[in-house]
There are 2 protein chains.
Amino acid sequence: MATVRDVAERAGVSIATVSFVLNGTKPVTPATRDRVEAAMAELGYHRNVLARALASRRTRILALAHPTLEQRFGSTTTDFVTSAARAARARGYHLVLWPVDTDGDEIRELLSQGLVDGVVLMEVLLEDARVEALTGSGTPFALIGRTADPAGLIHVDIDFEQSMAIALDHLQELGHREIALVSAGHALPEYGPKVRSAAAYRRLCGERGLRPLLLECEASVVGGRSLVPRLEGRTAVVVMNEFACFGLLSELASRGVAVPGDVSIVSFTSPDMAGIADPPLTIMRSPGATLGALGVDALIDRLEDPELMPPPQLLPCTLELGGSTARAESSTPA
Amino acid sequence: MATVRDVAERAGVSIATVSFVLNGTKPVTPATRDRVEAAMAELGYHRNVLARALASRRTRILALAHPTLEQRFGSTTTDFVTSAARAARARGYHLVLWPVDTDGDEIRELLSQGLVDGVVLMEVLLEDARVEALTGSGTPFALIGRTADPAGLIHVDIDFEQSMAIALDHLQELGHREIALVSAGHALPEYGPKVRSAAAYRRLCGERGLRPLLLECEASVVGGRSLVPRLEGRTAVVVMNEFACFGLLSELASRGVAVPGDVSIVSFTSPDMAGIADPPLTIMRSPGATLGALGVDALIDRLEDPELMPPPQLLPCTLELGGSTARAESSTPA
DNA sequence: ATGAAAGCGCTAACAT
DNA sequence: ATGTTAGCGCTTTCAT
């Protein structure tokens, strides 16, 4: 591997000059710049990122901290991770994977190694020990999700208010006025998406004169089945529990309740899941890939200008029409 | 951040001695070792992995190279990645994400930065330009999957021979003798899992006196539906196309063909998918998490002893019984 | 068993 | 505009 020394020698300049053209740190005569660049090309020179990191005291490595016990998010998670890594690369950074427990200990341990300049934290909880560990460390970080009070923290998240409004808009435009919300009876008592969606749902129902009905069930097919007797004649259901959705669907079918004829369903899930349901689901699709890139970009912006406080970015899920929603006129609800 | 210098000073020894206790590189008197360790504890010392990497010429960072365009593997991929990262951590390594194109250019580019000691390559193709890039680079690597001729390459993969045998065993024990295999009509013409499974299926059919029927279809619900007219009276189907499986199921249902009453189905897919099918599927479950850890361990073994050539590890999928397979006696096939 | 000192390959003052 | 040089924090000979 060629080093700056080799390049400098071949170009007949000092290693400092090589460094200047490499980083654009100081002005260099076009003529010598050319000589240096030619030398680099001839030698196949690539700078050693490690040495650079040590000398510049910036590693240009970011960590992607995520829970060990994966919520089974499927393709959304994959999209998110890939786009985060690509976004980092586009700005000259690398992304290391840090599976970490929810207490902040592993985070602290890993931070102390000095490998990373910043951390992207996934699956943020309303109260989150990892966030405290990060705050205490002084290492810049970006949250994917939000704590209960995210003021002053760099974060990007789904806009649950707006997402819920879009889902309700769609159903109301179809004439539905009796709309239930189903969420997961989470092991995590205070799961942000659930809490925020429920709050948005309640508020919107209030504003729009709708009667709220909020149901919870286990995140499984069996859980979904158990919902049917509790639907109280609703003609539409918004489901934030992708596995339960299949149980709901199958139980409705077996009771002769037609979807979307009698009951309309909007599910917060991925297109993959939507496609294998019968009927194919109308979904609210998570902006996973976009969030990954935005989170990384916000963090790097901050890293490169510590004065900066990148504003929170809240993106709604997008409505993708499937075959599980229809006009309410003829509904004969469950 | 405390440095070796600080520790050495506090312990009243030289920095070399600190390094010796840190790495166990040379014998140190219990007494001085204690003093050094006390000093480290008091100062909250953690060694800087970057400086260590630069000095030792080993970064202890591994890359996980994976295709940008994710095959939508869902939870299997997530498990794989998480377990690979954990395995690396357990041995004092970090894992960086490298989304790369299938030509080897990005790989070469990234390798030249000198950030990583080795690469774990996912989604290996039978002919794979990335493998050539790696071979040419001299950087040690491990394959998850196999090229057409993987001799001499460190690799771990699913044992498709054995997996297929297990699936057929199960169906034959239930009395089935007319068993079809469904695979994906892949964009990639030479996708290892498909080719190897098909070969195993043909060979096993030959050995066991079964008539092979190999069908392909698009990886979608629509693709799955198109299979039914082509089943030629088979009483059992092995499906290696997880999305098509749902189309198959629904088309059979709408034609009044009962699963598992008339046709049994074994699907190579994840438990998540199995759970939302109706009936819940009997599956062959991929050993994703195990492969992730094995791949990383094999690579690190090699890194730490270049003499070593870790043997290939081929693991079968595991049969998990669901409700989509039953005895053949009363079958009235499609 | 311990220490002194020379780098690892680069960046970034500080000179010129 | 370019060069000199002192580190970044650690590992690792080579002495003692």
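All chains are named by letter (A, B, ...) in the order of the sequence lines, taking the proteins before the strands, and each is independently numbered beginning at 1.
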A/Asp117 versus A/Thr59, side-chain donor and acceptor atoms under 3.5 Å: yes
Atom pair distance, as rounded to whole Å: CG in B/Asn23 and P in D/dG9: 17 Å
Show your working on side chain to side chain contact (heavy atoms under 4.5 Å, CB included) between A/Leu43 and A/Asp6 and close with a plain yes or no. CA-CA 8 Å; A/Leu43 295 170; A/Asp6 302 324; 4.0 Å; yes
Would you confirm whether B/Ser112, through its side chain, and B/Glu109, through its main-chain N or O, come within 3.5 Å as a donor-acceptor pair? yes
Within the pair B/Thr32 and C/dA1, is there a side-chain N or O less than 4.0 Å away from OP1 or OP2? no
Could you tell me whether B/Leu50 contacts a base, only the sugar-phosphate backbone, or nothing, with contacts defined as non-hydrogen atoms closer than 4.0 Å? nothing
Between C1' of C/dT11 and CZ of A/Arg60, the distance in whole Å: 11 Å
Determine: side-chain N/O of A/Ser56 to OP1/OP2 of C/dA12, distance under 4.0 Å, yes or no. no
Does the pair B/Arg130/B/Glu106 count as a salt bridge with the N-to-O cut at 4.0 Å? no
Using whole Å, what does the distance between atom C1' of nucleotide C/dC14 and atom CZ of A/Phe20 come to? 10 Å
Side-chain N or O of A/Ser14 closer than 4.0 Å to phosphate OP1/OP2 of D/dT4: no
B/Met1 CE to D/dG9 P, in whole Å, measures 11 Å
Interatomic distance, B/Arg5 CZ vs D/dA6 C1' [rounded to whole Å]: 13 Å
Does D/dG3 have OP1 or OP2 sitting under 4.0 Å from an N or O in the side chain of A/Thr17? yes
Reckon B/Ser19 touches a base, only the sugar-phosphate, or nothing at all at heavy-atom distances under 4.0 Å? base
d(CZ, B/Arg57; C1', D/dT12) in whole Å: 12 Å
Residue pair B/Lys26/A/Leu22 against DNA chain C: nearer the 5' end by closest nucleotide is B/Lys26
Once you apply a heavy-atom cut-off of 4.0 Å, does B/Val13 come out as touching a base, just sugar-phosphate, or nothing? sugar-phosphate
Using whole Å, report how far CZ of A/Arg58 lies from P of C/dT11. 12 Å
Should the pair B/Asp297-B/Arg91 be classified as a salt bridge under the 4.0 Å nitrogen-to-oxygen rule? yes
Between C/dC10 atom C1' and A/Arg52 atom CZ, what is the distance in whole Å? 10 Å
